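Order of listing sets the numbers, starting from 1, for every ligand and every atom in it. Only a predicted model underlies this, so the values are computations on that prediction, with no experimental measurement involved.
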Amino acid sequence: MDHFAYVDGTLCAENVPLPEIARSVGTPFYVYSTATLRRHFDVFAEGFAGTDTLIAFAVKSLSNIAVLSLLGKRGAGADIVSGGELFRALKAGIPAERIVFSGVGKTEREIADALDAGIGQFNVEGEAELAVLSRVASEKGMTAPVSFRINPDVDAGTHDKISTGRKGDKFGVPRARTFDAYALAEKLPGIRVQGVAMHIGSQITSLAPFEAAARSAVELVGTLRGMGHDIRTLDLGGGLGIPYGRAAEPPPLPSDYAKLIRSVTDGTDIRVMLEPGRMIVGNAGLFVVSMLYAKDQETRTYAIVDGAMNDLIRPMLYGAHHEIMPVTEKDAAATNYDVAGPVCESTDLFARDVALQDPQPGDLLAFRTAGAYGAVSASQYNTRPLVPEVLVDGDRFHVIRRRPSYEDILSLETIPDLSDH
Ligand SMILES: *Cc1c(COP(=O)(O)O)cnc(C)c1O
């Protein structure tokens, strides 16, 4: 469900025709729908109504502060993985107690900043990190609220590059060392043990791995409590998949996911924490490009567009599929094009055999389901400025990240006075 639809043959974001945005900000750009963002968050939150739940939005999936602010106002917390994301979440007005710090490589500086901010939970991924957290917190005379991220050894059945909960993956504390880790944490100064955390991967399209992980987590909570640990929070991470248009199997509904989690955690007397990212923002965004040239390469015909792998890398990184739609519908026969960007890499190819109706230079094309892990992983490779982000709200739109000028880009660089050899 989203709020992008054709009106009189023109694709609109809510009530705004996309060509209007293109005229104003140029292409390529990302556009998000507030109505879709709100709806996705609310549907998910309603699934947990009446229970003690924190929905900590995974900031890394779409980290623009306008989006964080919108979700924060609806009650969302933030799952962060860096000091930069901490800074964003706080700037966006998300209360510190609703911030959870995940990630395998937290630096001392990031840990100190998060302690100073007073965040709600550190999801600690290993004993060495625990020792640093203990030392930094003690030096400050503070106590860090800690949950261990446990690697449950569950195969989420998703793409190898986004699977995180199997034995041997770099994430979490191995299941076999769990009890030793908790025992160690109880002994260290500056640490208060409060929870158990898991996150098994992303774009997971069946409920079974979630059920396996949640059951194993609930069992672990019981065992840890039996050993005298005061476990009050259970963080089940994110990872719920969304339809990308060509999925063989439609992913579970957020309401069914919520029902499953509730059925497994019911009666545990615990605060359940969830860290959805993709599920909230994926379908709330489009990536819009302009057609530059049709290029006949004898065995293949290319549509060269002005967006590239530096702007949207998911197809190149994960073989991800994004449906590509014309912004203005035409009455012409469709032929197949390989859609590629201008970057000087053969891998800068979005999709093969996309049926397009007589694409002409200047025609706009929209990539669906580009809200999650799109703009956030953009780079300036080939000195292509970061893509602007636009947020539509009814019949208005706001530029929430402007396109940097070439001057902006070079302002970070200097030419030093080098010795002459
Ligand atoms: C990436 C990540 C998430 C969000 O995953 P989605 O698939 O976008 O829901 C949640 N928690 C942690 C720890 C993550 O690394």
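Here Ser147 contributes atom OG and Asn123 contributes atom CG; the two are 4.5 Å apart, rounded to the nearest 0.5 Å. Once rounded to the nearest 0.5 Å, the distance linking CZ of Arg384 with CG of Asp311 reads 4.5 Å. Note that CD1 of Ile280 is 11.0 Å distant from CG of Leu62, once rounded to the nearest 0.5 Å.
Applying side-chain contact (heavy atoms from CB on, under 4.5 Å) to Val392 and the options Thr36, Leu18, Ile21, Thr34 leaves one that passes, Ile21.
Of all protein heavy atoms, the one lying nearest to atom 2 (C) of ligand 1 is Lys60 NZ, 2.2 Å. Protein heavy atom in closest approach to atom 7 (O) of ligand 1: Ser202 OG, 2.4 Å. Counting only heavy atoms of the protein, atom 13 (C) of ligand 1 lies nearest to Glu275 OE1, 3.4 Å.
Within ligand 1, the atoms closer than 4.0 Å to a non-hydrogen atom of Tyr373 are 1 (C), 4 (C), 5 (O), 6 (P), 8 (O), numbered from 1 in the order shown. Which parts of ligand 1 touch Ser102 is read off a 4.0 Å heavy-atom cut-off, strictly below it: atoms 13 (C). Each of the following atoms of ligand 1 lies closer than 4.0 Å to a heavy atom of Asp79: 10 (C), 11 (N), 12 (C), 13 (C). Atoms of ligand 1 found under 4.0 Å from any heavy atom of Gly277, numbered from 1 in the order shown, are 6 (P), 8 (O), 9 (O). Counting the atoms of ligand 1 from 1 in the order shown, those under 4.0 Å from a heavy atom of Ala58 are 3 (C), 4 (C). Each of the following atoms of ligand 1 lies closer than 4.0 Å to a heavy atom of Arg149: 13 (C).
Within the 4.0 Å heavy-atom cutoff, Gly239 counts among the residues contacting ligand 1.
Applying the side chain to side chain contact (heavy atoms under 4.5 Å, CB included) rule to Asp408 yields the partners Arg402, Pro404, Ser405; only residues at least two apart in sequence or on another chain are considered.
Taking distance alone, with nitrogen or oxygen atoms compared against 3.5 Å, Arg278 approaches ligand 1 more closely than that limit.
A donor-acceptor contact closer than 3.5 angstrom is absent between the side chains of Arg149 and His199.
Under the 6.0 Å cut-off for aromatic ring centres, His322 and Tyr244 qualify, their centroids lying closer than that. Under the 6.0 Å cut-off for aromatic ring centres, Phe210 and Tyr257 qualify, their centroids lying closer than that.
Of all the heavy atoms of Met279, none lies under 4.0 Å from any atom of ligand 1, so neither backbone nor side chain is involved.
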